[in-house]
Number of protein chains: 2
Amino acid sequence: MSRSLTLAERVAEAGERLTPIERRVAALVLEDSTVLAFGTVAEVAERVDASGPTIVRFATKLGFDGYSALQQEARCSLSEQLKRPTDRIRRRPTGDVWQQARSSAIDGVEAAFDQVVPEDIDRLAEPLAATTGRIWIVASENSAAAQVLAGGLRVLRPGVHHLTGSTAAIAADLADAEAGDVVVAIDFFRYERAVVRTTETLAGLGATVLVITDGAFSPLTAAADVWCAIDVPAIGPFDSALPAVAVVEALVAEVAHRLPSQATERIDRAEALWSTEGIFHDD
Amino acid sequence: MSRSLTLAERVAEAGERLTPIERRVAALVLEDSTVLAFGTVAEVAERVDASGPTIVRFATKLGFDGYSALQQEARCSLSEQLKRPTDRIRRRPTGDVWQQARSSAIDGVEAAFDQVVPEDIDRLAEPLAATTGRIWIVASENSAAAQVLAGGLRVLRPGVHHLTGSTAAIAADLADAEAGDVVVAIDFFRYERAVVRTTETLAGLGATVLVITDGAFSPLTAAADVWCAIDVPAIGPFDSALPAVAVVEALVAEVAHRLPSQATERIDRAEALWSTEGIFHDD
DNA sequence: TGCTTTGTGTAATAGTTGCTTCATGTCTCG
DNA sequence: CGAGACATGAAGCAACTATTACACAAAGCA
């Protein structure tokens, strides 16, 4: 490899071999790179409540000759960082794709928060928090927003069904639907027939229909009790899921805000279950 | 006077009273402020071909107590210079749930695009575009980013496998894995054991491992050939998937950029299939 | 020429520096 | 319970630090 490793990479490489105190050192120097560039061994040691030798050992464990070598590396990378901002503008050709993706993403999210006003979120969140029936989430198969919504609501309350996969399976699920249920339909241009039909079916059963789509011409709005529209920008050749995910996350936060006790209780129980099941990497 | 003078101002103020050698010192430190921040008296002295005391006298003539005071001033101004572009990320959101969600979302996406530089995307996109083997996407069950990545890559090229669901099903899928394949692992704090294990297994089979996670301490980085870190902000009681989705969408765009002919061809064929199958709402 | 004044370097000093060695404590595993 | 591996801090050391005091040299002025 031509270029030398960055500090974060060296920390990652040392990985498991780092002791608890050394991890504190790593966390400190990754958060604030100036402490290494400017500080002495004694100063770093005091910041993490350790002794000098611990800092030196940390440096050698990262592959440096000693603290001095580590410090010089930190100073070099800091100098680089100072020079960067100017030539960051005129970058390599791939930077075009990158810059375009960056501005599309940020603009798209900002636009979404401009289009969907707090009143919209209120009207969407209210049925989701209040209903005692089931919640059906209808969207195209790989809708990231639907997944975020389903995952979030499932933690907050029971009875959340994410309709996905084959139409046959959807039909079977739908057998349980009844009036008083709430439907959240999420779909955008080239509206999928299955999403539209399922939403219409559930509307016909008397469910409250909430719709997140991309404009008044969407076939979903016809069946909607409450709907909101967000523009979908392109990132490269694809539609961006970002604005929809942003709105859905805000919606989930609002629903959680309306179900404070119930939500925290459920979260705690889920957390306890996950821990005993050993879901996570650290005990 | 509220703020202390900058170095240039102090040099100007000292003005005529500076001796010839001291002027050389002034010229050097104004041209490259890092020599003061990082260097010792002896180093600065050598750079201008003078002796130590001359440097110290220069510092006192500028109004400092000694070289140490001058150096601290240089370090402070350098720190300021470093913080400026990024400190807007750290501002604490205030206000209601909606405003908090809004600023968390936008700040999180911006921060993600600051943390993951174009070089990172290059290194991640290259194997995804170049490999002739399979692509395995490993993430927790409801990772929106993984879904976006899988959905995007599946359109661009064949052999994309999104590992999700029960561990038994994963194990069955893994039977096909071999050296030359590419793994993309996406997971964040409270790293799921299944994700870590699956990634390690695939790494052991000789696959190239790309990792998107939240820092050098992630257990995923140990097995990674290439990794990038993004911070995960909270939206309400949940972690936000937004930054990860943003990065993944940019990554997909970059891969598409590298596979122009192959990608458009596949997209056209898929489009034709969807139409004949009547997937979409309008004929 | 003498006598300051000014600019500079040399030498000495007290304090720090990073680093090594060694001893203490704290786990783990048989 | 005890043996070993391990993480950590205390003490000490050689090298270096900034700073000071002093010596020397050149220039200005009488």
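Proteins come first, then strands; the chains are lettered A, B, ... in the order of their sequence lines, and each starts at number 1.
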Would you give me the side-chain donor-acceptor pairs under 3.5 Å for residues 38-45 of chain A, sequence neighbours excluded?
| residue | atom | partner | partner atom | Å |
| --- | --- | --- | --- | --- |
| Thr40(A) | OG1 | Ala42(A) | N | 3.4 |
| Thr40(A) | OG1 | Glu43(A) | N | 3.2 |
| Glu43(A) | OE1 | Thr40(A) | N | 3.3 |

For residues 219-234 of chain B, dump all side-chain donor-acceptor pairs below 3.5 Å to protein atoms at least two apart in sequence or in another chain.
| residue | atom | partner | partner atom | Å |
| --- | --- | --- | --- | --- |
| Thr221(B) | OG1 | Ala216(B) | O | 3.4 |
| Thr221(B) | OG1 | Ser218(B) | O | 2.8 |
| Asp225(B) | OD2 | Val209(B) | N | 2.7 |

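Contacts between chain B and DNA chain C, taken as any atom within less than 4.0 angstrom of a protein heavy atom, begin and end at dG7(C) to dT10(C).
Between Arg47(A) and Glu31(A) there is no salt bridge, since no side-chain N of the basic residue sits under 4.0 Å from a carboxylate O of the acidic one.
Applying the ring pair (Phe, Tyr, Trp, His ring centres under 6.0 Å) test to Phe113(B) and every residue at least two apart in sequence or in another chain returns Trp98(A). Remark: Glu22(A) pairs with Lys61(A) by the salt bridge (Lys or Arg N to Asp or Glu O under 4.0 Å) rule, at least two apart or across chains. Annotation: salt bridge (Lys or Arg N to Asp or Glu O under 4.0 Å) contacts of Asp181(B) (sequence neighbours excluded): Arg134(B). Qualifying side-chain contact (heavy atoms from CB on, under 4.5 Å) partners for Ala8(B), counting only residues two or more places apart in sequence or in other chains: Thr6(B), Leu30(B). For Asp239(B), there are no salt bridge (Lys or Arg N to Asp or Glu O under 4.0 Å) partners, not counting sequence neighbours. A search for side-chain contact (heavy atoms from CB on, under 4.5 Å) contacts involving Ala69(A) returns Phe64(A), Asp65(A), not counting sequence neighbours.
Residue Thr19(A) has no polar side-chain atom (N or O) positioned under 4.0 Å from OP1 or OP2 of dC6(D).
Following rounding to the nearest Å, Glu22(A) (CD) and dG9(D) (P) show an atom-to-atom distance of 10 Å. Counting to the nearest Å, the P atom of dT8(D) and the CG atom of Asp49(A) are 12 Å from each other. Between Phe58(A) atom CZ and dG9(D) atom C1' there is a gap of 18 Å when expressed in whole angstrom units.
Residue contacts shown for Ile21(A) are limited to sugar-phosphate atoms, with no base heavy atom under 4.0 Å away.
Shortest non-hydrogen contact noted between Ile235(B) and Glu249(A) is CD1-OE1, 3.4 Å.
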### Task
Produce a footprint string for nucleotides 16-23 of chain D: one letter per nucleotide, 5' end first; B if the base is under 4.0 Å from any protein heavy atom, S if only the sugar-phosphate is, - if neither.
-SSBB---
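Remark: nothing in residues 23-31 of chain B comes within less than 4.0 Å of DNA chain D through any heavy atom.
Sorted by first then second residue, the ring-ring contact (aromatic ring centres under 6.0 Å, His included) pairs that include residues 200-225 of chain B, not counting sequence neighbours, number zero.
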